[in-house]
Asker: 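Below you will find the structure I want to go over with you.
Lettering follows sequence order; numbering is per chain, from 1.
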Protein chains: 2
Amino acid sequence: MRKGEETRAKILDAAEISVLAKGFGGTSIDELIAETGITKSGFFYHFRDKNELAKALLERYVENDERIYDEIFSRARELSDDPLQAFLLGLKLLSELLSDLPNGHPGCLVAVICSHERAFDRDIQEINRQAALMWRRRFGAMFRDIMQVYRPREPLDVDQLADMVSTVIEGGIILSKALKEPQNLPAQLLIFRTFVRLLFQPATL
Amino acid sequence: MRKGEETRAKILDAAEISVLAKGFGGTSIDELIAETGITKSGFFYHFRDKNELAKALLERYVENDERIYDEIFSRARELSDDPLQAFLLGLKLLSELLSDLPNGHPGCLVAVICSHERAFDRDIQEINRQAALMWRRRFGAMFRDIMQVYRPREPLDVDQLADMVSTVIEGGIILSKALKEPQNLPAQLLIFRTFVRLLFQPATL
DNA sequence: GCGAAAACTGTACCGACGGTAGGGAACCGG
DNA sequence: CCGGTTCCCTACCGTCGGTACAGTTTTCGC
């Protein structure tokens with residue numbers, strides 16, 4: 001029982017690395033079984049087909065993603081009672097975390113799935129959608145808290161503003177990869193941070 | 001001679017649709033030749049292999065992309081002499097264009113290539129990088145023009161600010177797809193527009 | 001209208017890959 | 001020691017990317 005989960009995890013580890021580097025089509029099952037030292041039958045014992053592998057991979061990825069966000073923003077919350085300051089601090093911490101990754105962000109599985117749309121069944125697309133909705137809820141709640149205290153200088157839809165956090169992260173990942181400038185993603189996050197600060201800054205002068 | 005280019009274009013048309021929908025791995029040559037009514041030998045007469053197809057596809061995509069940006073922002077420039085107003089107008093026009101696409105943005109080939117990194121040779125990755133650099137130059141020039149007239153409320157790196165345009169577009173495409181909300185991308189662009197307006201707005205009150 | 005190049009077609013083949021089928025075997029807790 | 005879990009082994013299938021190469025049609029310049 002525990003052995004099975006161990007093997008499963010090893011497969012998922014190898015698959016995640018390969019998928020983020022080469023896409024799903026570029027990831028062969030033969031390659032995964034070679035890397036994990038398992039046989040083909042062993043692989044298909046754990047996953048009915050490649051689609052189920054993708055599903056398990058995405059589920060694990062999203063869970064982990066949520067955990068990281070939980071950690072960062074709860075830590076930021078501990079450091080400041082003010083919801084705006086806590087959010088800005090959270091963005092800073094996230095930016096630093098991303099900046100410390102030696103080879104840059106390895107890529108977002110949600111984005112990879114989006115680039116393959118039709119190749120996956122509705123299950124997977126629904127997991128993807130729910131992941132994006134969870135981001136929206138998370139950051140939306142933060143902006144609502146902020147708006148209890150600060151008035152934005154421009155009226156903006158809270159959900160759209162919340163989506164912008166994900167937008168900047170996903171877009172930043174792509175640009176970092178295209179430009180081969182890993183520091184681009186954390187930089188983009190900091191610019192967004194400046195925008196948010198500007199948005200809720202009380203009118204000075 | 002002209003016939004050859006016609007066939008080539010037909011292949012590229014079919015390939016672009018399929019690649020944006022299913023990724024490169026999900027696009028089979030057999031499928032492309034079926035759709036264009038060509039034979040396999042005919043396909044390989046035009047493209048040595050799949051990699052060369054990808055290269056031609058990306059080159060064509062980037063050229064077209066540049067053309068669209070040229071049109072939109074030169075039109076915006078005609079409508080306003082003020083560089084800030086022209087840029088804000090350009091974003092608005094772009095947002096409207098994207099909003100009018102019935103099924104949303106079909107996807108960005110540059111982003112697809114990024115999700116497949118290792119599967120392509122350096123040629124293609126270099127084209128991708130150059131495309132992102134051209135975006136940076138384009139929008140960077142606009143922001144420099146703006147800064148000749150307006151002082152930003154916060155000091156920001158011009159290139160990073162320029163990259164943010166691409167970031168929001170790429171990220172918006174992904175989020176629109178993940179959420180299955182095509183209107184998300186134009187909405188994100190408008191939020192960014194608000195941010196830019198805020199950034200260069202002279203301090204009021 | 002003719003000859004040469006361009007633009008294909010047809011056929012046969014290869015290895016890699018995703019996936020299926022089914023018969024085991026080692027391990028492990030009760 | 002039984003039985004489930006967790007695999008391994010072998011053999012096989014269809015699809016796909018790609019090669020090889022000979023033959024045919026289409027197009028274009030002269």
Asker: Within the structure, does a side-chain N or O atom of B:Ser41 lie under 4.0 Å from either OP1 or OP2 of D:dC21?
Answerer: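 For D:dC21, neither OP1 nor OP2 has a side-chain N or O of B:Ser41 closer than 4.0 Å.
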Asker: Rounded off to whole Å, could you give me the CZ-to-P distance for the B:Phe43 and C:dT11 pair?
Answerer: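 Going from CZ in B:Phe43 over to P in C:dT11 covers 21 Å.
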Asker: Students often get this wrong, so: under 4.0 angstrom with heavy atoms, is A:Arg48 touching a base, only sugar-phosphate, or nothing?
Answerer: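 The residue A:Arg48 makes sugar-phosphate contact but no base contact.
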Asker: Is the shortest distance from a Lys or Arg side-chain nitrogen in A:Asp159 or A:Arg144 to a carboxylate oxygen in the other one below 4.0 Å?
Answerer: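 Salt bridge flag = yes for A:Arg144 with A:Asp159.
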Asker: Regarding C:dG10, can its base be found pairing with the side chain of B:Thr39 as donor and acceptor, where the two atoms are less than 3.5 Å apart?
Answerer: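 In this structure, the two groups form no donor-acceptor pair.
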Asker: For the pair A:Lys10 and A:Glu5, find out whether any cationic side-chain nitrogen is under 4.0 Å from an anionic carboxylate oxygen.
Answerer: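 Between A:Glu5 and A:Lys10 there is no salt bridge, as every charged N stays at least 4.0 Å from the carboxylate O atoms.
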Asker: Please verify the inter-ring angle class for A:Phe47 with A:Phe43; under 30° counts as parallel, over 60° as perpendicular, anything in between as tilted.
Answerer: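 Aromatic pair A:Phe47/A:Phe43 classed tilted.
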Asker: With the side chain of B:Lys50 defined as its heavy atoms from C-beta on, choose the nearest nucleotide among D:dG17, C:dC8, D:dC8.
Answerer: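 Of all the options, the side chain of B:Lys50 is nearest to D:dG17.
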Asker: Check this for me, if you would: do B:Glu52 and B:Arg48 make a salt bridge, where the nitrogen-to-carboxylate-oxygen distance has to be below 4.0 angstrom?
Answerer: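 Yes, charged N to carboxylate O under 4.0 Å.
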Asker: Between C1' on C:dG10 and CZ on B:Phe44, what's the gap in Å once rounded to a whole number?
Answerer: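 My rounded result for the distance is 15 Å.
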Asker: Is the phosphate of C:dA7 approached by B:His46 (side-chain N or O, under 4.0 Å from OP1 or OP2)?
Answerer: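 Negative; the distance criterion is not met.
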Asker: Taking the six-membered ring for Trp, is the centroid-to-centroid distance between B:Tyr69 and B:Phe139 below 6.0 Å?
Answerer: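 Yes, ring centres under 6.0 Å apart.
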Asker: What I want to find out is whether A:Asp121 reaches A:Lys55 closely enough, with some N-O distance under 4.0 Å, to be called a salt bridge.
Answerer: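 No, no charged N to carboxylate O under 4.0 Å.
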Asker: Within residues 18-35 of chain B, find the residues that approach DNA chain D with a heavy atom at under 4.0 Å, and present them sorted by residue number.
Answerer: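 B:Thr27, B:Ser28, B:Ile29, B:Asp30 - these, ordered by number, are the residues of the stretch whose heavy atoms sit under 4.0 Å from the strand.
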Asker: Taking only the side-chain nitrogens and oxygens of B:Tyr45, find out if one of them lies under 4.0 Å from OP1 or OP2 of C:dC8.
Answerer: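 Looking at the OP1 and OP2 atoms of C:dC8, neither is under 4.0 Å from any side-chain N or O of B:Tyr45.
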Asker: Which of these nucleotides, C:dG18, D:dG18, C:dC8, is closest to any side-chain atom of A:Lys40?
Answerer: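 Nearest to the side chain of A:Lys40 among the choices is C:dG18.
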